[in-house]
Structures are given as structure tokens and as C-alpha cells.
Engineer: 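Quick one: the structure is below, and I'll ask about it shortly.
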Amino acid sequence: MKKKRVGVLISGTGSNMKALVAAGRAEGSPFEICCVVSNKPDAGGIAWARENGIATHVISHKDYATREEFDAALNLYLKSQNLDLIACAGFMRIMTPTLISPWQGRMVNIHPSLLPNYKGLHTHERVIADGGTSHGCTVHYVTTELDDGPIIAQAFVPVLPGDSPDLLAARVLVEEHKLYPEALAKVAREI
Ligand code: GRF
């Protein structure tokens with residue numbers, strides 16, 4: 001089976017992106033990471049991807065007057081790469097329908113909570129502040145509603161007594177790195 005071509009969108013460290021690259025390079029993987037795109041020129045993940053032989057593209061949102069113009073320019077690049085799927089991995093942008101609609105059903109995201117709980121930012125802080133005991137991460141399809149698309153897979157992480165947001169985030173991230181490659185493989189086999 002021909003591997004599905006995946007583009008990854010990042011804004012930062014890109015540890016999930018690295019997990020996807022490693023999984024995609026494994027024999028028998030139904031997908032491969034073909035390009036990594038960042039809206040931040042100094043994103044650590046971009047330098048890593050370049051050093052690891054993956055096509056990279058930096059497109060700064062600061063160069064565009066509106067979200068729609070940025071999204072249209074980003075989408076032009078994505079379309080030029082002949083991609084089957086888009087994986088958002090710490091891409092810290094609110095995306096408009098201009099970017100999302102052309103990829104409906106083919107764009108996925110990882111979110112650090114058990115959706116539908118804790119949409120948005122600062123999920124680890126919020127679950128601790130609420131005294132919650134159940135946390136985790138979710139891979140879901142991207143729709144025009146923020147953090148709201150159909151769920152593909154979830155991993156549970158308990159909140160432990162004495163947890164700080166950083167401790168909890170680190171434990172969730174370990175699960176993210178396992179969950180995202182599995183979920184993306186499932187999607188890649190199905191499309
Ligand atoms: C992850 O926690 C992801 O769930 C969230 O942003 C973080 C990105 O981390 N959307 P990294 O850049 O993949 O290390």
C-alpha cells in the first residue's frame with residue numbers, strides 16, 4: 001500500500017511531530033510525514049525537521065493582515081505538496097474555514113485533554129484547579145468549531161495528588177506521543 005502523504009503544522013517544540021515522523025518511517029506504516037510547516041520561524045521543530053531531511057516551510061502570520069489571508073496562503077502551500085492528510089501538532093493558531101474546509105475529514109489535531117472537557121488553552125492548570133482526577137489527550141478531526149470535531153482516539157491520564165501543571169503536562173505528553181501515531185495510522189488506513 002502506498003503511504004499516505006501527511007503534512008504537519010506546528011508552532012513550537014514539535015515533540016508530537018517527531019513522534020509522527022518516527023512512526024511514519026517505520027516499516028509498514030500507512031503514512032509518511034512529507035513536510036512540516038510552522039507559523040513561527042524560530043520553532044524548534046522546524047530546525048529539527050530540516051536536519052532530519054523533511055521538507056519545511058515557514059509562513060509567519062505576522063506577514064498577513066487577516067486570519068483569512070494567512071490561512072489562504074498556508075493552504076496554497078499545503079495544496080502544492082500533494083498531501084492526503086494534515087496533522088496539527090501544537091499549531092497555536094485559530095484556523096478559519098478558509099483553511100479547514102478544503103481539508104474537512106482529512107485534517108486532524110491532538111488536544112491535551114479528554115474532550116469535550118477542557119477545550120482551549122491551559123488544560124492542565126484548569127483540571128487541577130477544578131480538583132479533577134481524570135485527564136488525558138484526544139486526537140480528533142478538525143472542524144470549524146474549536147476543539148470540537150469527531151473524536152478518533154483518547155488516552156486517559158490520572159491527575160495525581162500534588163500534581164503541578166508541568167508534571168501533569170509531561171505525563172500527558174508521553175501518552176500523546178503514543179496516541180497520535182496510532183490515531184493517524186488508523187485514519188490513513190481508512191481514507
Ligand atoms: C501538546 O500538548 C499538544 O497536545 C498541544 O500542544 C502541545 C504541543 O507540544 N496541542 P509539542 O510541540 O508537540 O511538543
Side-chain angles (χ1 to χ4, degrees), residues 1-64 70-71 73-95 99-100 102-103 105-112 121 123-124 136-142 152-155 157 166 169-191:
M1 186 175 102
K2 197 175 161 291
K3 289 188 177 190
K4 298 294 183 336
R5 293 176 56 81
V6 180
V8 183
L9 306 185
I10 65 167
S11 299
T13 319
S15 68
N16 277 289
M17 175 271 292
K18 293 174 192 173
L20 294 179
V21 168
R25 284 180 170 170
E27 214 184 305
S29 170
F31 68 84
E32 62 180 327
I33 304 306
C34 296
C35 61
V36 176
V37 184
S38 173
N39 63 310
K40 299 225 172 142
D42 56 352
I46 274 289
W48 182 92
R50 209 176 283 131
E51 285 158 18
N52 282 272
I54 299 161
T56 60
H57 185 66
V58 174
I59 174 165
S60 174
H61 56 277
K62 293 183 182 163
D63 293 339
Y64 297 86
F70 170 75
D71 283 358
L74 171 51
N75 194 38
L76 262 189
Y77 173 78
L78 295 173
K79 271 172 41 190
S80 77
Q81 297 303 296
N82 193 22
L83 301 169
D84 300 300
L85 289 164
I86 306 294
C88 302
F91 184 57
M92 303 306 284
R93 295 283 305 166
I94 291 178
M95 296 181 280
L99 176 56
I100 296 170
W103 297 100
R106 294 189 298 141
M107 180 184 265
V108 299
N109 179 47
I110 188 154
H111 182 76
L121 297 173
T123 58
H124 312 300
C137 48
T138 303
V139 178
H140 64 97
Y141 287 102
V142 175
I152 300 160
Q154 292 186 305
V157 176
D166 284 351
R171 290 207 315 284
V172 172
L173 209 49
V174 170
E175 295 306 316
E176 291 185 39
H177 297 163
K178 292 186 253 174
L179 186 74
Y180 210 175
E182 287 168 12
L184 188 60
K186 181 170 181 279
V187 172
R189 282 194 198 96
E190 283 171 3
I191 59 163

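Heavy-atom basis, side chains included; hydrogens, waters and symmetry copies ignored.
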Engineer: Minimum heavy-atom separation for V8 to A89, with atom names?
Structural biologist: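 Closest approach of V8 to A89: CG1-CB, 3.9 Å.
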Engineer: Just verifying a value: how many Å separate L78 CG and R106 CZ, rounded to the nearest 0.5 Å?
Structural biologist: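 So the CG of L78 and the CZ of R106 are separated by 10.5 Å.
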Engineer: Would you mind listing every side-chain hydrogen bond (donor to acceptor under 3.5 Å, both in side chains) that reaches into residues 34-44, with sequence neighbours excluded?
Structural biologist: S11-N39, N39-H61
Engineer: Distance from I86 atom CD1 to N109 atom CG, nearest 0.5 Å?
Structural biologist: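 CG of N109 is found 12.5 Å from CD1 of I86.
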Engineer: By side-chain hydrogen bond (donor to acceptor under 3.5 Å, both in side chains), which residues pair with K3, not counting sequence neighbours?
Structural biologist: none
Engineer: Would you say the side chain of V21 lies within less than 4.5 Å of the side chain of I54, judging by non-hydrogen atoms?
Structural biologist: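 A side-chain contact exists here, since the closest heavy-atom pair is under 4.5 Å.
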Engineer: Nearest 0.5 angstrom please: E175 CD to Q154 CD, how far?
Structural biologist: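 Result: 12.5 Å between the selected atoms.
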Engineer: Using every non-hydrogen atom in the two residues, find where C34 and A55 come nearest and quote the distance to one decimal.
Structural biologist: O-CB, 3.5 Å
Engineer: Could you grab the distance from atom CD1 of I59 to atom CG of L9, nearest 0.5 Å is fine?
Structural biologist: 10.5 Å
Engineer: Would you mind listing every side-chain hydrogen bond (donor to acceptor under 3.5 Å, both in side chains) that reaches into residues 14-26, with sequence neighbours excluded?
Structural biologist: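 Pairs touching residues 14-26 that pass the test: S15-H177, N16-E176.
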Engineer: Specify whether F91 and F70 have parallel, tilted or perpendicular ring planes, treating 30° as the upper limit for parallel and 60° as the lower limit for perpendicular.
Structural biologist: parallel
Engineer: In residues 179-191, what donor-acceptor pairs under 3.5 Å come from side-chain atoms, sequence neighbours left out?
Structural biologist:
unit_1: Y180; atom_1: OH; unit_2: C88; atom_2: N; d: 3.3
unit_1: Y180; atom_1: OH; unit_2: C88; atom_2: O; d: 2.7
unit_1: Y180; atom_1: OH; unit_2: V108; atom_2: O; d: 3.4

Engineer: Can you measure from CD1 (I100) to CE (M95) and round to the nearest 0.5 angstrom?
Structural biologist: 5.0 Å
Engineer: Mind checking whether M92 and L121 have side chains closer than 4.5 Å, heavy atoms only?
Structural biologist: yes
Engineer: Donor-acceptor check, side chain of T56 to backbone of A49, threshold 3.5 angstrom: yes or no?
Structural biologist: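 Checking the backbone N and O of A49 against the side chain of T56, no donor-acceptor pair under 3.5 Å is found.
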Engineer: CE/M107 to CG/L83 distance, rounded to the nearest 0.5 angstrom?
Structural biologist: 10.0 Å
Engineer: Given the rule in the side chain to side chain contact (heavy atoms under 4.5 Å, CB included) test, do I46 and I10 qualify, once you have shown the distances and angles that lead to the verdict?
Structural biologist: CA-CA 8 Å; I46 274 289; I10 65 167; 4.2 Å; yes
Engineer: With sequence neighbours excluded, what pairs up with E32 under the side-chain hydrogen bond (donor to acceptor under 3.5 Å, both in side chains) test?
Structural biologist: none
Engineer: Distance under 6.0 Å and angle within 45° of the ring axis: does R5 meet both against F31?
Structural biologist: no
Engineer: For residues 73-92, which residue pairs qualify under side-chain hydrogen bond (donor to acceptor under 3.5 Å, both in side chains), counting only residues two or more places apart or in two chains?
Structural biologist: N75-W103
